[in-house]
Participant: 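Have a look at the structure that comes next, please.
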Amino acid sequence: MTSLEAVNKALTKYKKGERFTVSDIFGEEWNLPNGVAGQFGKKFFELVEAEYSTKIRFTGDYSNKRKNAVYEIL
């Protein structure tokens, strides 16, 4: 599981305007401990901002108490 794999899955799984979290991308496969999940999320964010900002954006929202960042397909 890599941040590049997550980006590619998101671009395949979701359509323009759809919102998602990194854990949504992987569904039941997403079973990382909190600290590791946070680091993965940070790497995903950095990759999106650096190389995929014309295709995916961070909405500025968080999905729940766990503060999962919400992204949108552009």
Participant: If hydrophobic clusters are built from ILVMFWY residues whose side chains come within less than 4.5 Å, do F26 and I56 share one?
Facilitator: yes

Participant: So do the side chains of I73 and F20 get within less than 4.5 Å of each other, counting heavy atoms only?
Facilitator: yes

Participant: Within the structure provided, determine whether Y62 and V70 are in side-chain contact (heavy-atom separation under 4.5 Å).
Facilitator: no

Participant: Between L11 and Y52, is any pair of side-chain heavy atoms under 4.5 Å apart?
Facilitator: yes

Participant: Does the ring centre of Y14 sit less than 6.0 Å away from the ring centre of Y71?
Facilitator: no

Participant: Flag yes if M1 and L4 sit in one hydrophobic cluster, no otherwise; membership is Ile, Leu, Val, Met, Phe, Trp, Tyr, and two members link when side-chain heavy atoms are under 4.5 Å apart.
Facilitator: yes

Participant: Using modelled atom types and a 3.5 Å cut-off, is there a donor and acceptor pairing between side-chain atoms of K13 and backbone atoms of D24?
Facilitator: yes

Participant: So, K9 and E29, do they make that salt bridge, N to O below 4.0 Å?
Facilitator: yes

Participant: Should we count NZ of K55 as having more than 12 external heavy atoms under 6.0 Å?
Facilitator: no

Participant: Between the side chains of D61 and R19, is the shortest nitrogen-to-carboxylate-oxygen separation below 4.0 Å, so that they form an ion pair?
Facilitator: yes

Participant: For the backbone of V36 and the side chain of Q39, can you confirm whether one donor and one acceptor N or O come within less than 3.5 Å of each other?
Facilitator: no

Participant: Run the ring-ring contact (aromatic ring centres under 6.0 Å, His included) test against F45 and tell me which residues pass, sequence neighbours left out.
Facilitator: F58

Participant: Is any side-chain heavy atom of I25 closer than 4.5 Å to a side-chain heavy atom of E5?
Facilitator: no

Participant: Say you draw a straight line from CG of N8 to OG of S3; how long is it, rounded to the nearest 0.5 Å?
Facilitator: 10.0 Å

